[in-house]
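Encoded as structure tokens, the structure appears first; notes follow it.
In listed order, ligands and their atoms are each counted from 1. None of these values were measured; they are calculated from a predicted model.
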Amino acid sequence: MTKNELLETTAYLKSKGFEAPEVGIVLGTGLGKLVDEIENPIVAHYNHIPFFPLATVEFHSGKLIYGEIEGKKVVVMQGRFHLYEGYDFIDITYPIRAMHELGIKKLLISNAAGSINLDYKKGDLMLLEDHINLQGGSPLAFKGVSEFGERFVDMSQPYDVDMRNTIINTAKQENISLQKGVYVSVVGPQLETKAEYRYLKIIGADAVGMSTVPEVIVANHLKLPVAAISVITDEGDPDNLEPVDINEIIRIAGEAEPKMITLFKKLIKQL
Ligand code: HPA
């Protein structure tokens, strides 16, 4: 990744009309319907955007969509890139850098996750308060990182406090129950063993997933305020572990999706 590549990416997007978006949004597995709320949409397929990685996983449609939600200019990633698809840390976070280069001032992230904290049930939403990176690498470990920001990025408060408070208040007003907790990222794509679920609980995680953390690290690198919400799609109870089915994960995500859409829309309105 070079600055010139990023500029070529954004020049292409601007030529399509992606002008001055205020908010960037990443939609997780089974959580693509927010795009139906975008007014005056302009669509760019990932495989047409210069220097974007290519989308591979079939249930991601792989599009960047620009338009308006609640009167705010947004750019939405429908489908993200994962390490388990064979991409590296630089690839999977490239779209975050591109959206930042386009001018976004805030970033909202969603994902599907399994619960480690067994008070958190399928279909619950969990606001991320902190995270643990178990993906064995960093999106900032590359030559020339200082061209893009400082190398030793503070992570004492990775999730923006103001956005979190707005989300918490909105959830109360809308009667949406909202859990809060620590998200741990793993590479996947295999799910966790019983022993791994036990371990993740011991180290302090409330939910586990295969994304988000690299994007949040890069947002912090760019000093871009970020908030993230998990939809709990399965429960990682080591003493009672049921086989996890990806179609079931997608189905549960879809069922909980309207709550997430409400929270995101109300938050965007208040940003
Ligand atoms: N583990 C890891 N990733 C996941 C899970 C899980 O249980 N559920 C959804 N994504």
Side-chain angles (χ1 to χ4, degrees), residues 25-34 55-62 77-87 89 92-93 108-137 139 159 178-217 227-261 263:
I25 301 169
V26 183
L27 298 177
T29 301
L31 299 168
K33 287 220 181 70
L34 184 70
T56 57
V57 174
E58 51 289 341
F59 45 82
H60 286 319
S61 39
M77 285 178 69
Q78 188 177 30
R80 59 150 64 84
F81 300 96
H82 298 90
L83 292 172
Y84 65 71
E85 293 166 283
Y87 302 109
F89 280 98
I92 61 174
T93 50
L108 301 182
I109 297 179
S110 63
N111 63 55
S115 65
I116 303 293
N117 179 337
L118 298 176
D119 294 335
Y120 298 2
K121 305 295 182 196
K122 279 184 199 181
D124 280 357
L125 301 184
M126 186 188 93
L127 181 66
L128 275 65
E129 292 186 315
D130 206 344
H131 71 226
I132 299 170
N133 178 9
L134 277 195
Q135 291 182 317
Y159 297 86
L178 182 66
Q179 314 288 9
K180 297 165 204 87
V182 175
Y183 174 94
V184 59
S185 64
V186 294
V187 175
Q190 75 284 357
L191 287 111
E192 286 65 40
T193 64
K194 293 177 195 131
E196 285 166 342
Y197 281 122
R198 274 190 204 102
Y199 161 72
L200 296 175
K201 192 182 196 91
I202 290 167
I203 65 171
D206 294 295
V208 55
M210 304 173 190
S211 66
T212 302
V213 168
E215 296 154 2
V216 170
I217 293 171
I229 293 179
S230 292
V231 175
I232 303 297
T233 53
D234 54 286
E235 297 163 19
D237 179 354
D239 300 319
N240 210 350
L241 193 59
E242 289 166 19
V244 180
D245 171 1
I246 182 66
N247 294 312
E248 176 74 354
I249 287 180
I250 293 170
R251 187 182 68 75
I252 302 277
E255 274 179 24
E257 190 171 27
K259 296 189 285 187
M260 198 205 73
I261 290 176
L263 283 187

Checking side chain to side chain contact (heavy atoms under 4.5 Å, CB included) for the pair M210/V186: CA distance, chi angles, key distance, verdict? CA-CA 5 Å; M210 304 173 190; V186 294; 4.1 Å; yes

Determine whether more than 12 heavy atoms belonging to other residues, nucleotides or ligands lie under 6.0 Å from atom NZ of K194. no

Say whether, by atom type as modelled, one donor and one acceptor occur between the side chain of K259 and the main chain of G123 under 3.5 angstrom. yes

Ligand-residue contact atoms, ligand 1 with M210, heavy atoms, under 4.0 Å: 2 (C), 3 (N)

If you count the atoms of ligand 1 from 1 in the order shown, which ones are under 4.0 Å from a heavy atom of L191? 1 (N), 5 (C), 6 (C), 7 (O)

Counting from 1 in the order shown, the ligand 1 atoms closer than 4.0 Å to a non-hydrogen atom of G114 are 5 (C), 6 (C), 7 (O), 8 (N), 9 (C)

Nearest-neighbour protein heavy atom for atom 7 (O) of ligand 1, which is reported as residue plus atom name and distance: D234 OD2, 2.6 Å

Atom indices of ligand 1, in the order listed, that fall short of 4.0 Å to a heavy atom of E192: 1 (N), 2 (C), 6 (C), 7 (O)

Does even one non-hydrogen atom of G188 get within less than 4.0 Å of ligand 1? no

Can you find a heavy atom in the side chain of S211 that is under 4.5 Å from one in the side chain of Y183? yes

Hey, which atoms in ligand 1 end up nearer than 4.0 Å to a heavy atom of A112? 9 (C), 10 (N)

With atoms numbered from 1 as shown, which atoms in ligand 1 lie under 4.0 angstrom from a non-hydrogen atom of T233? 8 (N), 9 (C)

Looking only at heavy atoms, is any part of Y197 under 4.0 Å from ligand 1, and if so is it the side chain, the backbone, or both, or is it neither? side chain

Would a 4.5 Å heavy-atom cut-off, applied to side chains only, mark V231 and E257 as touching? no

Determine whether any heavy atom of A113 lies closer than 4.0 Å to an atom of ligand 1. yes

If the test is side-chain contact (heavy atoms from CB on, under 4.5 Å), which one of L125, D124, I116 qualifies with I232? D124

Between CG of D206 and CE of M126, what distance do you get to the nearest 0.5 Å? 5.5 Å

With heavy-atom distances below 4.5 Å as the criterion, would you say the side chains of L200 and L134 are in contact? yes

Just to be sure I read this right, does ligand 1 sit under 4.0 Å from the backbone of V208, its side chain, both, or neither, counting only heavy atoms? both

